[in-house]
2 protein chains.
Amino acid sequence: MKLAYLSALVLFAALPCTAQTTQPAIEDFKPASTNQPGRQYPQVNSEGRVRARIVAPQAQSVELDISGVKYPMSKRADGAWVGDSTPLDEGHHYYQLVIDGASFPDPGSTFIYGSGAWRTAIEIPAKDQEIYALKNVPHGQLRELFYIAKSSNTQRHCIVYTPPDYDKDPGKRFPVLYLQHGLNENETGWGNQGHAGLIMDNLIADGKARPFIIVMENGGISGSPGERGARAGAAPAGAPAAGGGRAGGGRGLFNFSAFERTLIDDVIPYIDANFRTLADQPHRAMAGLSMGGMQTRQIALAHLDTFAYIGVFSGGSIAPANIKDMDSVKQKVKLVFVSYGSREVDPAARRGRAGGPFGGDPKANTDALKDAGVNTHYYISPQTAHEWQTWRRSLHEFAPLLFKD
Amino acid sequence: MKLAYLSALVLFAALPCTAQTTQPAIEDFKPASTNQPGRQYPQVNSEGRVRARIVAPQAQSVELDISGVKYPMSKRADGAWVGDSTPLDEGHHYYQLVIDGASFPDPGSTFIYGSGAWRTAIEIPAKDQEIYALKNVPHGQLRELFYIAKSSNTQRHCIVYTPPDYDKDPGKRFPVLYLQHGLNENETGWGNQGHAGLIMDNLIADGKARPFIIVMENGGISGSPGERGARAGAAPAGAPAAGGGRAGGGRGLFNFSAFERTLIDDVIPYIDANFRTLADQPHRAMAGLSMGGMQTRQIALAHLDTFAYIGVFSGGSIAPANIKDMDSVKQKVKLVFVSYGSREVDPAARRGRAGGPFGGDPKANTDALKDAGVNTHYYISPQTAHEWQTWRRSLHEFAPLLFKD
């Protein structure tokens, strides 16, 4: 069961989108927004195709590898290899170049951490990209923290978003959302490819969300800069029971008990000591994507006196049967938010892909939980799969529902 | 003259260190501290040699390219190519892999921005690495700011270090150091490869430096994330007169007048409005490395009512002849700090490298300025060249001298 979950995560990323190789590309390619400064390649066209280019005059073969799907590239007279992908979903896609059998990040793109490494990704412009555009509005800050976690004596690295008016009124305190990345991502994902800061800046400027702090820590299942130095490379924090929203501990790959202890014993006290937080249950939320959603489900349900809001993005759902003490949940949990990309929950769009929504039908579970008396919210991101565009939109839907006291 | 400066900068980086190719390597290689999490290669040995490894079974040739010096790699039976460098100076070195004529960042390393791109670098452990080690002391924060500069209506990206106790006492205000990167680097350099935050944390914990804010902006001569969106890729901010510390405007590649306007009209007002600064001349410093030192020399000397402390690291020096109004400088400038790596100023160590210290003998100029009545400080980093170890040490020497009122 646990391995089935992992396989689902991996295969979701590995299977191709709609193949349209027989259609010629529309020749309106432009440099991608994710390019390094001044770089002309890779490019994206209006269909969402990627065109990669690399000068490798002595290479025997070059391929464009987007999330595991390989597209051939061909050598031109000038020694450059050029190749196009099929049209991709809107949003963010990991990719690399394969030169004579060796995989490399594309030197034309900026780097983000995903799929277990610092690598390159490309942005296909989305119709709703305004939600994370950099606009002329007051901006918060993404703060990079290095500190030593007392209970485990480990070095940690964490990103904290503070809202635009955080420093304006030194007497004001703020609620906190603990927001987790997915498997093989790290604490930089939500700020870099997730654009969490810009999404919040825009929501706050529009009066759609209450200003709050977001803490982005390392969930610890992959080796990552979340823990450095003394224990860098040592045992990662582990990972959870993958049952459909089962609260409590777990074993094996998805055993999150070590991260749970770090979050409860180290991270939250450190944040409450170093930021002007409203340090109580009604002003604390936890959410995450994919594995981070599983962590949220396990940890938040096991700590009902710590978290009042629960967000699970592409990471399963919570059925009444998963809850041991329904009275406590009804009393203490102000919101259970569950979201997926449409391609994750639509059997037709899945077309044989392994996995699918984890832990049962998320809509049915969420409805049943609502019927049981818990405030729930269910969101489906249109025309996206298990990918960042789903999670950007999920945060954009989730944030306005938080801390409405 | 201006091109001579640029050539000096480029050639400094391009020429080899001591070659010892005939000696066999000592086999005590360990994974570099700059590696991606969990990666075993590249490695560094006790001599400071780099050993790179990449699996590229179909490649025809693979080379290790460290700052322009190429070392051959050879193919092993398992399809991996392996090669060693000669011993390198302590500290931080940009490098890449060349596969069949195409240059790539090494997927084993983390990425930093240098030499005009996000690329890979490797850290050779230094005897004095304690000055930037992550220790169990109170830590400041590196804050990432996105904002729109009002006077030029451009999108900007900036990194700000706030000291450990910044958020402890909301009534306390802090001095500010504006700290600039070099040519083809950007605003992330001082925080990432420079370790400016950790250097300050350690100095403050030891009681050796007064806590202050550091603002790391983009000097704008290379296309960079310093300006995004609306004008991304548009005219870079320009660059200055490269004469030995000549205050005032300039033309051509090193004309910094656009950055000067941005810094004075946009950046400083934005920082003073959004941070608890001591917003007056006695509590404002400017420093920079290489091109950033040239910017500092030009801008700070032209704005004596804005900056009281001047730091020039490997970026020239200031002779009395460069100063138009010595009385004003004597009255307003509390410190002129000039530093170089020993290999930059030692003719024997230079051994034919182009360049050398810019704008005359820095020691003679600094002594003459002291004799003219200006408080000066001269520092030489032992056994380093035009490279980050020189600049980490320079900040470590400079910071304790600031804001001693």
Side-chain angles (χ1 to χ4, degrees), chain A residues 31 36-39 54-62 79 96-97 99-105 107 109-111 116-119 133-136 139 141-148 153 155 159-160 162 167 170-171 186 191 197-198 201 222-226 228-229 232-233 274-276, chain B residues 31 36-39 54-62 79 96-97 99-105 107 109-111 116-119 133-136 139 141-148 153 155 159-160 162 167 170-171 186 191 197-198 201 222-226 228-229 232-233 274-276:
Chain A
Q36 293 210 23
R39 302 302 170 102
I54 184 80
V55 176
Q58 302 151 41
Q60 304 301 303
S61 82
V62 181
Q96 56 193 343
L97 301 176
I99 316 286
D100 289 341
S103 294
F104 286 95
S109 285
T110 49
F111 297 95
W118 287 95
R119 59 177 64 251
L134 174 59
K135 300 179 183 175
N136 195 359
H139 289 285
Q141 299 171 0
L142 288 175
R143 305 186 184 193
E144 186 176 9
L145 313 185
F146 293 93
Y147 67 102
I148 291 188
N153 194 31
Q155 296 179 347
I159 310 293
V160 175
T162 52
D167 283 321
N186 71 13
L198 295 172
D201 290 345
S222 69
S224 86
R228 298 203 203 198
N274 287 279
F275 290 85
R276 296 197 316 281
Chain B
Q36 294 210 22
R39 302 302 171 100
I54 185 81
V55 176
Q58 301 153 42
Q60 305 302 303
S61 81
V62 181
Q96 57 192 343
L97 301 176
I99 315 286
D100 289 342
S103 294
F104 287 96
S109 286
T110 49
F111 297 96
W118 287 94
R119 59 178 64 251
L134 175 58
K135 300 180 184 176
N136 195 358
H139 289 286
Q141 300 171 358
L142 287 175
R143 306 186 183 192
E144 186 175 10
L145 314 184
F146 293 93
Y147 67 102
I148 292 187
N153 193 32
Q155 297 179 347
I159 310 293
V160 176
T162 52
D167 283 321
N186 72 13
L198 295 173
D201 291 345
S222 69
S224 87
R228 298 201 203 202
N274 288 279
F275 290 83
R276 297 196 318 280

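Below, chains carry the letters A, B, ... as their sequence lines are ordered, and counting in each starts from 1. Note that the structure is a prediction, hence the values are computed from the model and not measured. Excluded from the calculations below are hydrogen atoms, water molecules and symmetry mates; all remaining heavy atoms, backbone and side chain alike, are included.
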*Find the distance between CG (B:L97) and CD1 (A:I99) and round it off to the nearest 0.5 Å.*
12.0 Å
*Would you mind checking which part of A:Q36 comes under 4.5 Å of any heavy atom in chain B, side chain (CB onward), backbone (N, CA, C, O), both or neither?*
side chain
*Is there a donor-acceptor contact under 3.5 Å from the side chain of A:Q155 to the main chain of B:L134?*
yes
*Report the distance from atom CG of A:D100 to atom CG of B:D100, rounding to the nearest 0.5 Å.*
4.5 Å
*Could you check which of A:G191, A:G197, A:A56, A:S109 has the highest count of heavy-atom pairs closer than 4.5 Å to chain B?*
A:A56
_Applying the side chain to side chain contact (heavy atoms under 4.5 Å, CB included) criterion to B:P105, which one of A:F111, A:W118, A:F104 satisfies it?_
A:F111
*In terms of heavy-atom pairs under 4.5 Å, which option from B:H139, B:Q141, B:R276, B:R119 contacts chain A the most?*
B:Q141
_If I take atom CG from residue B:L142 and atom CG from residue A:L142, how far apart are they, to the nearest 0.5 angstrom?_
12.0 Å
*Does any heavy atom of chain B fall under 4.5 Å from the side chain of A:D167, the backbone, both, or neither of them?*
side chain
_List the residues meeting ring pair (Phe, Tyr, Trp, His ring centres under 6.0 Å) with A:F275, not counting sequence neighbours, and say none if there are none._
none
*Minimal non-hydrogen separation, A:R39 against B:G116, with atom names*: NH2-O, 3.7 Å
*Under 4.5 Å heavy-atom distance to chain B, tell me which part of A:S61 shows up: side chain, backbone, both or neither.*
side chain
*Based on non-hydrogen pairs under 4.5 Å, which of B:D201, B:I148, B:I159 is most in contact with chain A?*
B:I148
_Less than 4.5 Å to any heavy atom of chain B: does that hold for the side chain of A:N274, its backbone, both, or neither?_
both
_My understanding is that only residues two or more places apart in sequence, or in another chain, count here; which of them pass side chain to side chain donor-acceptor pair (under 3.5 Å) with A:Q96?_
A:D65
*Which heavy-atom pair separates A:Q58 from B:Q60 by the least distance, and what is that distance?*
O-CG, 4.3 Å
